[in-house]
Amino acid sequence: MTHDRGTRKAHILVVTRNLPPLTGGMERLGQHLVGALAEQYAVDVVGPPGAAPYLPAAVRVCSCRSAAAAAFLLEAAWHAPRCALRRRPALVLATSGLTAPLARTAALLARAPYLVCVHGLDLVTRHPLYRGLFLPAIRRADCVVANSHNSARLAGAVGVAPGRLRVVHPGVDTDVPAVDAAGFRRRHGLDGARVLLAVGRYAARKGLPEFIERALPALVAADPRYVLVVIGDTARQSVRREGGVHDRIEAAIERTGLASHVRLLGALPDAELAAAYSGADVHVFPVIPVAGDVEGFGMVAVEAAAHGLWTVAFDEGGVADAVIEGESGALVPSGDYAALVATIRAAIDSALPRRAAGCRRVAAGFAWPRYTAEMLATVAATMRPPAAASDEGNEHAR
């Protein structure tokens, strides 16, 4: 095991594209993970351009010149082995399946174990090159950390041994600042409305066109005060490129004639998003099954809970780990739009102040300190003692 000579800390090499300045849940997760590791270990990162200012000063960052997936992988494939040979890390960590082959190569060179975090999509992608090159690297990892029990099930389905699997749910910020919820409603013409909030990037699996066509008309027919507020935009830096979802949403609005009952607000600053969570009546999460994609966890439902907002969701993918039935929301059988409509109406009609407190209690169980403690324990368990590292250096050749 290699140590920093000044502090005697073991070294960890993190190979990741999931860091700021890229934006999204996985990027926040990567930033928190590197920060937590840096408190106990000497950390080197091979990451995207511009990541260094977002990480602790003690972290050594080797930035690639491009964040585009293919270009990043090509350059990181050069930097990661060099860093492994120079620093001889005690562990190599990939924050997603995308960097698993690079982590495996670096681990072989350093004669160290490697850990891969998986998030759902990296286990169901159908591209033959990915399945032939990336999935074997995930399977051979010394430890695979899944973000939900569904992701763990998917990992098992592609051949990850049960003894190497761990489930660690992502974290959430629970220190929610005071916001002007009434101001949010006023700014967007929502005074007196029954506000349904949908948050997240435009992706087919989010099910928004289907919700607008198959659920919203029934809700508006029952009560014309219903308004769907959508916050999010197309993820331009996502590995999975999905064009046309925004156009499908607009087409669904036009077909249903419900333009006055939908607000597409695009991406909003954090403060305005917090005001939206606080100003909404129900968070809707109508996720649908999509070939080659999956909702790995459903972090947005936990974020809603942190703001005291109840979620009504289809029980699809890893959402059941994020929505605690009867405590932070309600789960509906996947694809049952009649039940979804009925559940949304019941949630609003029977809304009670104590629901907000229950939601926040659930969110507290996902707070970042819990994630940090579980990940640090998993990392420590994956590292081998110094003697074992030299004795078992050839294990990864399997």
Side-chain angles (χ1 to χ4, degrees), residues 11-19 22 24-38 41 43-48 51 55 59-64 67 69-70 72-84 87 89-125 129-147 151-152 154-155 158-161 164-168 170 239 296 371 375-376 378-383 395-396:
H11 278 85
I12 291 180
L13 171 61
V14 179
V15 188
T16 179
R17 181 176 169 269
N18 303 120
L19 287 173
L22 276 68
M26 289 178 63
E27 285 67 36
R28 289 194 299 274
L29 194 68
Q31 183 182 22
H32 275 275
L33 177 56
V34 171
L37 292 172
Y41 302 100
V43 179
D44 292 79
V45 170
V46 175
L55 301 176
V59 175
R60 300 190 186 196
V61 181
C62 179
S63 296
C64 296
F72 171 82
L73 287 174
L74 286 173
E75 189 172 357
W78 166 254
H79 290 305
R82 293 178 72 241
C83 188
R87 302 283 281 171
L91 177 75
V92 183
L93 190 151
T95 63
S96 73
L98 182 71
T99 53
L102 308 184
R104 183 179 184 231
T105 299
L108 283 167
L109 293 171
R111 295 193 172 191
Y114 73 107
L115 181 155
V116 179
C117 299
V118 293
H119 308 273
L121 174 60
D122 37 16
L123 299 166
V124 300
T125 298
L129 177 61
Y130 184 92
R131 299 191 73 82
L133 179 63
F134 292 75
L135 287 185
I138 294 173
R139 281 195 293 269
R140 291 165 177 155
D142 296 87
C143 181
V144 174
V145 175
N147 65 344
S151 293
L154 294 172
V158 299
V160 177
R164 299 185 183 197
L165 269 171
R166 303 287 184 275
V167 175
V168 179
V239 173
Y371 170 80
M375 280 302 301
L376 288 175
T378 301
V379 164
T382 307
M383 286 183 175
E395 179 179 336
H396 295 294

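Residues: numbered from 1 along the sequence shown.
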J.: Quick one: CG on L73 to CG on L133, what's the gap to the nearest 0.5 Å?
T.: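 The distance works out to 9.5 Å.
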J.: Output all residues satisfying side-chain hydrogen bond (donor to acceptor under 3.5 Å, both in side chains) with S151, sequence neighbours left out; order by chain, then residue number.
T.: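 By the side-chain hydrogen bond (donor to acceptor under 3.5 Å, both in side chains) rule, S151 matches N147, S148.
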J.: Nearest heavy-atom pair of P170 and Y371: which atoms, and what distance?
T.: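 That would be CA-CD1, 4.0 Å.
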J.: Can you give me the closest heavy-atom contact between A146 and A152, atom names plus distance?
T.: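 Nearest heavy atoms, A146 then A152: CB-N, 3.5 Å.
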J.: Begin with the C-alpha distance, continue with both residues' side-chain angles, and end with the deciding distance and a verdict on side chain to side chain contact (heavy atoms under 4.5 Å, CB included) for L91 and L13.
T.: CA-CA 6 Å; L91 177 75; L13 171 61; over 6 Å; no
J.: Are side-chain heavy atoms of I12 and P89 found at a separation under 4.5 Å?
T.: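 In short, these two side chains do not touch, never coming nearer than 4.5 Å.
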J.: For Y114, does its backbone N or O pair with a side-chain atom of D142 as donor and acceptor, under 3.5 Å?
T.: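 At least one qualifying donor-acceptor pair exists.
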J.: How about V46 and T99: do any of their side-chain heavy atoms sit closer than 4.5 Å?
T.: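 Of all side-chain heavy-atom pairs linking T99 with V46, none is under 4.5 Å.
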J.: Rounded to the nearest 0.5 Å, what separation is found between the CG atom of L93 and the OH atom of Y41?
T.: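 Rounded to the nearest 0.5 Å, the CG-OH separation comes out at 11.0 Å.
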J.: Can you sort out the partners of E75 under side-chain hydrogen bond (donor to acceptor under 3.5 Å, both in side chains), two or more places apart, ordered by chain and number?
T.: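 If we apply the side-chain hydrogen bond (donor to acceptor under 3.5 Å, both in side chains) test to E75, skipping adjacent residues, the hits are R65, H79.
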J.: Only one of D122, V116, V15, T16 forms a side chain to side chain contact (heavy atoms under 4.5 Å, CB included) with S96, so which one is it?
T.: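 The option that passes is D122.
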J.: Considering non-hydrogen atoms only, spot the tightest contact between M383 and P113 and give its length.
T.: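 Of all heavy-atom pairs spanning M383 and P113, the closest is CA-CG, 4.2 Å.
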J.: Would you sort out whether V160 and I138 count as a side chain to side chain contact (heavy atoms under 4.5 Å, CB included), showing the intermediate values?
T.: CA-CA 7 Å; V160 177; I138 294 173; 4.1 Å; yes
J.: If I take atom CZ from residue R82 and atom CZ from residue R87, how far apart are they, to the nearest 0.5 angstrom?
T.: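 That separation rounds to 13.5 Å.
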J.: Closer than 3.5 angstrom, by distance alone: can the side chain of R104 be matched with the main-chain N or O of R140 as a donor-acceptor pair?
T.: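 No: the side chain of R104 does not pair with the backbone of R140.
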J.: Would the distance check show the side chain of R17 and the main-chain N or O of G47 forming a donor-acceptor pair, the cut-off being under 3.5 Å?
T.: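 Side chain of R17 to backbone of G47: no pair is present.
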J.: If you compare all heavy atoms of A80 against all heavy atoms of A106, which two are closest, and at what distance to 0.1 Å?
T.: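 Distance-wise, the nearest heavy atoms are O-CB, 4.0 Å.
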J.: Less than 4.5 Å apart, any side-chain heavy atom of V34 and any of V59?
T.: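 Touching, per the 4.5 Å side-chain cut-off.
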J.: List the atom of P101, the atom of L98, and the distance in Å for their closest heavy-atom pair.
T.: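 Heavy-atom minimum between the residues: CD-O, 3.8 Å.
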J.: Say you draw a straight line from CG of N18 to SG of C117; how long is it, rounded to the nearest 0.5 Å?
T.: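 Reported to 0.5 Å precision, the distance equals 9.5 Å.
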J.: Under the salt bridge (charged side-chain N to carboxylate O under 4.0 Å, His left out) rule, what pairs show up with a residue in residues 25-36, not counting sequence neighbours?
T.: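 Salt bridge (charged side-chain N to carboxylate O under 4.0 Å, His left out) check on residues 25-36 returns R28-E303.
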J.: What's the spacing between T382 OG1 and R164 CZ if we round to 0.5 Å?
T.: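 Answer rounded to 0.5 Å: 10.5 Å.
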J.: Run V14 and T95 through side chain to side chain contact (heavy atoms under 4.5 Å, CB included) and show every step you take.
T.: CA-CA 7 Å; V14 179; T95 63; 4.0 Å; yes
J.: If you compare all heavy atoms of V158 against all heavy atoms of L123, which two are closest, and at what distance to 0.1 Å?
T.: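 Minimum heavy-atom separation between V158 and L123: CG1-O, 3.7 Å.
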J.: Are the side chains of T125 and F134 in contact, using a 4.5 Å heavy-atom criterion?
T.: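 Not touching, per the 4.5 Å side-chain cut-off.
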J.: Indicate yes or no: at least one non-hydrogen side-chain atom of R166 is less than 4.5 angstrom from one of V144.
T.: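 No - every pair of side-chain heavy atoms lies 4.5 Å or more apart.
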J.: I would like to know whether V145 and T378 meet side chain to side chain contact (heavy atoms under 4.5 Å, CB included); could you show each step before the answer?
T.: CA-CA 8 Å; V145 175; T378 301; 3.8 Å; yes
J.: When you compare the side chain of L29 with that of H119, does any pair of heavy atoms fall below 4.5 Å?
T.: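 Counting from C-beta outward, H119 and L29 do come under 4.5 Å.
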